[in-house]
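For reference, the structure is listed below as C-alpha cells.
Whatever order the structure lists ligands and atoms in, that order sets their numbers, starting from 1.
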Amino acid sequence: MHEFTPDVEALARDILHYSLLRMRQEPPLDHAKSPEELLAAAGNTITEAGLGGKEALRVFTEVLAPSCLSTDHPSYLAFIPSAPSEHATLFDLVVGASAIYGGSWVEGAGAVFAENQALRWISDLAKLPASAGGVFVQGGTIGNLSALVAARHTARERAKAEGRKIDRWVVVASNQAHSSIKSAADVMDCEVIFANADADLSLRADAVDVAIKKYIAANPTHEVFALVGTAGSTNLGIIDDLDSLGDYANTNGIWFHVDGAYGLAGLCAPSVRDLFNGIEKCDSLIVDPHKWLFAPYDACALIYRNPALGKAAHTQHASYLDTLEDENEFNPSDYAIHLTRRPRGLPFWYSLAANGSKEYSDAVEDTINTAKIAVRLINEHPNLELLMEPQLSIVAFTRKGWSAEQYQEWSDKLLDDQIAFVTPSAHLGQPILRFAIVNPWTSEKELTEILATL
Ligand SMILES: *Cc1c(COP(=O)(O)O)cnc(C)c1O
C-alpha cells in the first residue's frame with residue numbers, strides 16, 4: 001500500500017489522464033441519483049481484498065462522478081457556483097501530493113509564507129494596515145465563527161478588566177445576513193439581533209442604532225460585542241453601507257466584522273470597488289476564494305486587523321504543542337477554530353502568483369459584464385421581470401404569473417434536460433429566480449438558452 005510499484009505508476013498515469021480530461025473538456029452538468037441507484041451501479045465498494053486501483057477508479061469515473069453536479073459548468077448558476085482557474089486546479093494536485101502540514105511555521109514555513117502573501121493581496125485591496133493578517137480556513141461558515149469568537153474573546157477580556165459582568169453576549173447583523181451568522185451565534189450561545197435593512201436591502205448605521213437601543217432597553221445586562229456587515233448578500237449580492245457601519249462600530253467599541261464570502265472578491269474589480277468603501281474600518285473580514293476568486297473547494301480567507309486578538313482567542317495550549325510557541329513564528333493554527341490544516345490557500349496563491357492580479361480584476365469584471373447582459377436579456381423578455389438592478393453579479397428576477405411549484409417544476413426539468421442548474425429562491429416571501437454568475441465561461445449563449453425556456 002505504501003510502495004510506488006509499476007502498477008501504481010500506471011495508475012498514476014490513468015489518474016492524471018482522467019484529471020486532465022476533466023479539465024480540458026466542458027464537463028456535463030450531471031445529476032444526483034438515489035442511494036438505491038448508486039448501490040445498484042457501484043455495489044459495495046469496501047471489501048476485505050479491495051477492488052484494486054483501476055476498478056475503484058472506474059467506479060468513480062463511470063458511476064460516482066456523473067452523480068455529482070459539475071459546479072464549474074457555465075450553466076450552473078444556482079447557489080454560488082465554482083469556477084477554479086486552470087492553474088488553481090492543477091496546483092491542488094500538487095498540494096495533495098506534498099504532505100505539507102499547514103498549521104505551523106516550523107512544519108510548513110514555505111507554504112505559510114506563500115499563503116500569507118495571498119492574504120496580503122486581499123488585505124491591501126481592503127486598505128487594511130500592514131500589520132493585518134490571518135489564515136485560510138475551510139469556508140465562510142468557519143471563517144465567520146472564528147472571527148466572532150475572537151470578537152467575543154476581546155469583549156470578554158475587556159469586560160473582565162473593567163469589572164463588568166455581562167449576562168449575555170449579542171451580535172447584530174442585517175436581516176439579509178447569511179444563515180451562518182445565526183449558526184455561529186447558536187454555537188457560541190449568543191443572541192443575534194437582526195436589524196432592518198433599508199428598502200434597497202442595504203443595512204445602515206441608523207437602523208443598527210435603533211435595533212440595539214430597543215434590545216438593550218429590554219435587556220440592560222446584555223452587551224453587543226460584534227456588528228456584522230454583509231459585503232454581497234448571498235441571495236441578491238447587496239452590499240451593506242460599510243462606511244456608516246464601520247464608523248458606528250468603531251465609535252461604540254463594537255467589533256466590526258465584514259462577511260464578504262461571495263462579494264468581497266469585487267474588491268479587485270475597479271468598476272465596483274467604491275461600493276465597498278468603509279471596509280478599511282473592519283476588525284475582521286472573510287472572503288471565499290472558492291466562490292468568486294477562482295479557487296477550488298475549499299478555502300476562506302479570514303483576515304484580522306489585529307491578528308494578536310485572533311491569536312489570543314484561538315491558540316490551543318498543551319504540553320505536546322509548547323514546542324511550537326515561538327513569539328517570532330507565525331502559526332496559522334493560532335488564528336481560527338482548527339489545529340491540523342491543509343495549506344488550502346496554496347491553489348489560490350499559485351494561480352494569483354502565476355497569472356498576476358490584473359487577470360483576477362479582468363475575470364471578475366468579465367462576470368460583472370455577463371450579469372449586465374443577463375439584465376438586458378431579462379428586460380427584453382416578455383414574461384420576465386427584473387427584481388432589482390444587481391450591485392455585483394447576482395441577477396434576480398421573476399416569471400410573471402408563476403407559483404412556487406411552477407418555479408420548482410421548471411428548475412427540475414431544466415436539470416433533467418441537462419440545460420442548466422438554476423434553483424428558485426425567495427424574496428419577501430415571494431418566489432424568485434436568480435443567476436449567480438462567477439464563471440467567466442458563462443456567456444450570453446447560455447443565458448439565452450435558459451431564458452428561452454421561460
Ligand atoms: C457562502 C456564504 C457564507 C458561507 O460560506 P461557506 O464557504 O459556504 O461556509 C457566508 N456568508 C456569505 C455572505 C456567503 O455567501
Under 3.5 Å, is there a donor on one side chain and an acceptor on the other for [X] and [Y]?
X	Y	result
Ser271	Glu365	yes
Asp412	Gln408	yes
Ser351	Tyr360	yes

Can you list everything that forms a side-chain contact (heavy atoms from CB on, under 4.5 Å) with Ser284? Sequence neighbours excluded, please.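 With neighbours one apart ignored, the set is Ala147, Trp255, His257, Tyr304.
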Measure the acute angle between the ring planes of Tyr407 and Trp402, then classify it against the limits of 30° and 60° as parallel, tilted or perpendicular.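 Rings of Tyr407 and Trp402: perpendicular, as their planes differ by over 60°.
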Residue that, paired with Tyr262, satisfies side chain to side chain contact (heavy atoms under 4.5 Å, CB included) out of Val287, Leu293, Ile394, Thr230: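 Result: among Val287, Leu293, Ile394, Thr230, Ile394 is the only option passing the side chain to side chain contact (heavy atoms under 4.5 Å, CB included) with Tyr262.
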Show the protein residues that qualify under the rule heavy atom under 4.0 Å from an atom of ligand 1, listing them in chain and number order.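 Near ligand 1, by chain and number: Gly139, Gly140, Thr141, Asn144, His178, Ser180, Gly232, Thr234, Asp259, Ala261, Tyr262, Asp288, His290, Lys291.
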